[in-house]
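Because the structure is a prediction, the values reported are computed rather than measured.
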Amino acid sequence: MSRAIEWILLGAGSCTAIIVGLRWHRPARIMPWLLLAGAIGVLAIGDVFYAFDEMAVATGFYLAMFVLVAGALLQFTQGGSVVVDRARLIDLLAFACAALLVVWVFVIGDNGAMGEIPASDVIGSLLLIAVAVRLNLAAPRNASAMLLLAGSVGLLCSDVLYPLFPGEAAESGYRVLYVTWGLAALHPSMVRLTQPMTPRTPHWQGRWAALLGASVATPPVVLLVESLQGDVRDGLPIAIAGAITLTLTITRLADSVTLNSQALARERGLRGASADLVSAADLPAVDEAVRSAVAALIPGDAVRRVVFAPDDRQLAAEELPDAPAGRRPRSWWVDVPAPTPPAASPSFLKRLTSDRESDGEETTLVCPLWLEPLAVARPSGGALVLTGRRDALTAAHDALEVLAGQAALALDRISLVEAVGRRDSDLYLRAVISNTADLMLVLDEDQRIRYASPALHDLLGDDKLSPLATLEDLVHPDDRGQIRRAFTTGGDGTMFCALRRPDHSQALVEATYRDLRADRLVQGFVVTMRNVTDAGDPVDRLPHRDQLDELPAWINRRSAQHKFRY
């Protein structure tokens with residue numbers, strides 16, 4: 001009775017430690033730890049029945065424990081864990097299981113006292129140790145992984161020693177298992193064992209496929225050999241080994257199908273994005289196409305922020321570092337601090353399932369929107385910035401780079417089409433008003449002169465203007481302040497200013513400007529001027545005012561300056 005109470009206390013304490021560890025540390029995935037707690041609980045129940053000499057019931061619980069442990073190990077090594085190359089691990093485990101079965105049946109099974117050791121328990125313990133060793137290699141100096149390995153070694157030792165030397169000393173390995181697995185969940189390093197990472201996609205190699213096929217075929221071959229010898233003595237170990245290898249093979253195939261499905265989904269997303277970007281005619285359409293493609297390439301819960309900035313000035317507000325020095329890369333990573341964990345929710349299970357953030361899980365991927373051959377068409381740069389889980393962003397890394405390149409190509413195409421449209425508009429305007437006396441200017445957003453009518457050249461006496469000339473360069477220094485204010489604030493309006501000729505004489509003009517920066521064909525200011533040098537003082541053309549002081553200050557100043565200049 002005392003031994004049964006001991007196993008109950010050890011099992012309950014270990015399961016409680018795992019639940020408390022989940023509550024304290026909140027790992028990215030809780031299922032492997034819950035399966036591990038279930039395995040410990042089932043093992044404790046089996047030990048209780050064993051203490052009461054219920055051997056058949058205890059054996060059933062022991063086998064159920066190995067099933068739960070296998071599920072926990074598959075969860076630990078699933079895509080998005082520290083073991084990024086799970087495919088090779090599964091191949092090696094299947095081969096190890098088959099090799100152990102052959103060694104046990106044909107070497108150890110008939111070897112006197114060694115034949116008393118349960119083959120199924122030893123095979124399960126060795127596979128458990130193999131996975132624990134792989135976890136320690138993937139996460140060096142991880143305390144939780146070391147404790148899991150220590151518990152697995154303790155289980156193997158007791159499985160081997162207890163049939164040979166029954167007693168409490170031989171059962172110490174089981175006690176080590178209970179204690180170390182509970183402590184593994186309490187240590188903070190348990191978070192890293194389920195930290196999301198990108199699984200490595202292995203290349204197809206025939207020798208690994210042949211190894212897996214031989215592993216699956218080994219249990220039936222062993223059963224066939226024993227049946228031909230006339231006596232099947234190891235039916236249970238053969239059945240367990242066959243179930244393990246078959247489960248590993250199905251898991252291996254399921255992983256391959258999953259990776260292939262994800263690759264096909266990314267390919268379909270890129271094809272849809274290409275079609276949308278080819279037909280996009282403006283910036284909002286490109287933005288919508290890019291966001292739709294990101295939603296198709298990455299799960300919605302894996303991305304916290306998507307910034308599509310077609311201009312470097314928009315990136316300045318995001319406070320992102322510049323690209324690495326040297327050759328411009330197609331993308332780069334920017335680490336972001338982990339978000340502050342939310343307040344505790346009323347339900348523990350709800351809190352565990354909703355809060356999956358861990359240190360180092362989130363990162364930012366910056367994909368620049370530039371194409372070197374077309375940099376002249378759209379030198380403003382820009383980038384596609386995504387913040388989310390590192391494993392999801394890394395899995396779609398190549399696809400996101402391609403998407404950014406396609407978006408840059410669409411933006412360059414739109415910029416070139418708009419530039420051609422503006423050029424055609426300027427040529428049309430030049431052809432229409434080439435023989436008129438209208439003074440007209442078309443200014444870019446930075447106030448540089450894009451087009452000047454021939455009449456303006458005649459007024460200034462200058463046949464050519466500098467390609468970098470602005471309106472401020474043509475007016476008198478006293479008028480540059482109002483020019484700057486007018487075009488900075490935007491909108492339409494009228495003002496008087498004096499244009500300077502090369503011979504230092506001046507021409508007073510009335511300038512009416514229109515803000516057409518939002519117009520797709522213009523994207524700038526259109527300024528129409530009228531020469532009022534010989535038309536008298538501009539004050540005379542304004543409505544009569546009873547008090548001269550009510551006139552705007554610039555009119556009083558212009559009136560005085562006009563009288564003294566002309």
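The salt bridge (charged side-chain N to carboxylate O under 4.0 Å, His left out) test applied to Asp515 returns Arg517, not counting sequence neighbours. Checked against side chain to side chain donor-acceptor pair (under 3.5 Å), Arg291 has the following partners two or more places apart in sequence or in another chain: Asp287. In this structure, the side chain to side chain donor-acceptor pair (under 3.5 Å) partners of Asp473, at least two apart in sequence or on a different chain, are Thr470. With sequence neighbours excluded, the residues forming a side chain to side chain contact (heavy atoms under 4.5 Å, CB included) with Pro368 are Trp332, Trp370, listed by chain and number. Not a single side chain to side chain donor-acceptor pair (under 3.5 Å) links Thr247 to another residue, sequence neighbours left out.
Atom-to-atom distance recorded for Leu365:CG and Ser331:OG is 5.0 Å, nearest 0.5 angstrom. Atom CG of Asn531 sits about 8.0 Å away from atom CG of Leu508, to the nearest 0.5 Å. Here the OG1 atom belonging to Thr512 is positioned 8.5 Å from the CZ atom belonging to Arg530, to the nearest 0.5 angstrom. To the nearest 0.5 Å, atom OG of residue Ser189 and atom NE2 of residue His25 are 8.0 Å apart. Rounding to the nearest 0.5 Å gives a distance of 6.5 Å between CD of Gln482 and SG of Cys497. Here the CD-CE distance, from Glu510 to Met495, works out to 11.0 Å after rounding to the nearest 0.5 Å.
Contact between Ala309 and Leu369 at its shortest, heavy atoms only, is O-CD1, 3.7 Å. The heavy-atom pair separating Ala184 from Ser144 by the smallest distance is O-OG, 2.7 Å. The minimum heavy-atom distance linking Val290 with Leu277 is given by the pair CG2-CD2, 4.3 Å. Closest approach of Thr528 and Met440 over heavy atoms only: OG1-CE, 4.1 Å. Here the closest heavy-atom approach between residue Gln406 and residue Leu270 is recorded as OE1-O, 4.0 Å. For Val366 against Ala383, the heavy-atom pair with the smallest separation is CG1-CB, 3.9 Å.
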Exercise. Quick one: do Ile449 and Val442 satisfy side chain to side chain contact (heavy atoms under 4.5 Å, CB included)? Show the steps, please.
Key: CA-CA 6 Å; Ile449 299 175; Val442 178; over 6 Å; no
Self-check item: From CA spacing to verdict: side chain to side chain contact (heavy atoms under 4.5 Å, CB included), Gln506, Arg501
Solution: CA-CA 6 Å; Gln506 301 178 24; Arg501 299 187 178 96; 5.7 Å; no
Quiz item: Passes side chain to side chain contact (heavy atoms under 4.5 Å, CB included), Trp24 versus Leu186? Steps please.
Solution: CA-CA 8 Å; Trp24 283 356; Leu186 290 176; 4.2 Å; yes
Quiz item: Would Leu456 and Leu499 satisfy side chain to side chain contact (heavy atoms under 4.5 Å, CB included), going step by step from the backbone distance to the final call?
Solution: CA-CA 10 Å; Leu456 181 64; Leu499 301 180; 3.9 Å; yes
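Test Leu471, Val526, Leu516 against Leu443 for side-chain contact (heavy atoms from CB on, under 4.5 Å) and you get one pass: Leu471.
By the 4.5 Å heavy-atom criterion applied to side chains, Val509 and Val532 are not counted as neighbours. Between Val475 and Arg500, every side-chain heavy-atom pair lies at or beyond the 4.5 Å cut-off. Looking at Ile19 and Trp33, their side chains never come closer than 4.5 Å, going by heavy atoms from C-beta outward. Residues Leu248 and Val216 fail the side-chain proximity criterion, which asks for heavy atoms closer than 4.5 Å. Side-chain atoms of Pro27 and Leu22, non-hydrogen and from C-beta on, do get closer than 4.5 Å to each other. Using a 4.5 Å cut-off on side-chain heavy atoms (C-beta onward), Leu384 and Val307 make no contact. You'll find the side chain of Asn136 stays beyond 4.5 Å of the side chain of Asn142, heavy atoms only. Side-chain contact check for Leu297 versus Leu400: some heavy-atom pair is nearer than 4.5 Å.
Remark: side-chain polar atoms of Asp444 are not paired, donor with acceptor, to backbone N or O of Gln447 under 3.5 angstrom. Although no hydrogens or angles enter the test, the distance criterion places a donor-acceptor pair under 3.5 Å between the side chain of Arg413 and the main chain of Ala280. Of the possible polar contacts, one joining the Asp479 side chain to the Ala498 backbone as a donor-acceptor pair under 3.5 Å is found.
A perpendicular orientation is assigned to the rings of Phe487 and Phe525, their planes being inclined by more than 60° (bins at 30° and 60°).
Sorted by first and then second residue, the ring pair (Phe, Tyr, Trp, His ring centres under 6.0 Å) pairs involving residues 382-409 (not counting sequence neighbours) are Trp333-His397.
Residues Thr489 and Arg485 have side chains that never bring a donor and an acceptor to within less than 3.5 angstrom of each other. Arg484 and Thr488 are not linked by any side-chain donor-acceptor pair at a separation below 3.5 angstrom, with hydrogens and angles left out of the test.
Between Asp446 and Arg448 there is a salt bridge, since a side-chain N of the basic residue sits under 4.0 Å from a carboxylate O of the acidic one.
In the displayed structure, Arg514 atom CZ is contacted under 6.0 Å by at most 12 heavy atoms of other residues, nucleotides or ligands.
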